[in-house]
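Heads up, the thing below is written out as structure tokens.
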Amino acid sequence: ESKASQTYLIAFLDDKEPYIEGANTGKNIATFTLTDTGDGIDEDGITFIKDNRGSGVSAYWVTNDVNATPTEDDWEILSAPVHEYSFEYDLVDVEPIVVWVRDECGNVGQEVMFQPTRVVVQDPDGNPIDDTLLSARSHHRAS
């Protein structure tokens with residue numbers, strides 16, 4: 001028995017890198033959100049989207065070395081590409097935090113450096129009440 005069938009292929013150019021954002025979400029905890037941008041394929045796996053909501057963050061890398069660039073073995077690979085991915089990062093000292101992100105099309109997000117700052121709150125006698133690390137975005141450089 002013979003049946004008619006069709007195969008189709010969707011091709012698109014995604015040349016926009018993912019976006020990196022960080023915020024303090026708890027005491028000594030920063031949450032980094034990685035968002036894919038550019039063109040992509042919608043959740044149905046068929047519909048082409050051109051509204052800057054790219055379809056897939058696929059990997060990220062975090063380091064304290066401001067001069068390092070990721071090698072293929074450094075990336076934390078996600079189980080499946082997602083439009084937006086967030087993860088928590090424990091702030092343990094004031095070392096800079098450098099975040100990189102890659103989407104499913106191979107676009108590498110700009111290296112973004114967050115510089116933690118230690119804040120110590122004291123009572124009038126100088127006794128520590130609280131000791132908190134805050135992560136503030138300091139700058140980014142093109143990768």
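- Between the side chains of S86 and T31, not a single donor N or O lies within less than 3.5 Å of an accepting N or O.
- With contacts defined as side-chain heavy-atom distances shorter than 4.5 Å, the pair F87/V62 qualifies.
- With sequence neighbours excluded, the residues that form a ring-ring contact (aromatic ring centres under 6.0 Å, His included) with Y85 are Y60.
- Between the side chain of D90 and the backbone N or O of V92 there is no donor-acceptor pair closer than 3.5 Å.
- The closest side-chain heavy-atom distance from I77 to R102 is below 4.5 Å.
- Between E104 and S58, the shortest heavy-atom contact is N-OG, 3.6 Å.
- You'll find the side chain of F114 reaches within 4.5 Å of the side chain of F32, heavy atoms only.
- N127 is linked by a side-chain hydrogen bond (donor to acceptor under 3.5 Å, both in side chains) to D123, counting only residues two or more places apart in sequence or in another chain.
- Ring geometry for W100 against W61 counts as tilted: the plane angle lies between 30° and 60°, on a 0 to 90° scale.
- Here the side chain of D103 pairs no donor or acceptor atom with the backbone of V57 at under 3.5 angstrom.
- The minimum heavy-atom distance linking P116 with L91 is given by the pair CG-CD2, 4.3 Å.
- T63 contributes no side-chain N or O that, together with a main-chain N or O of V98, makes up a donor-acceptor pair within less than 3.5 Å.
- Contact of the L34 side chain with the Y19 side chain is not registered, since no non-hydrogen atoms from C-beta on lie closer than 4.5 Å.
- A 4.5 Å side-chain heavy-atom check between N107 and K16 finds every atom pair outside the cut-off.
- What you find for P96 and V66 is that their closest heavy atoms are CG-CG1, 3.8 Å.
- Under the 4.5 Å side-chain criterion, counting only non-hydrogen atoms from C-beta, V82 is not in contact with D36.
- Scanning for side-chain hydrogen bond (donor to acceptor under 3.5 Å, both in side chains) contacts around T35 gives E84, with sequence neighbours left out.
- For E88 against T25, the heavy-atom pair with the smallest separation is OE2-OG1, 4.4 Å.
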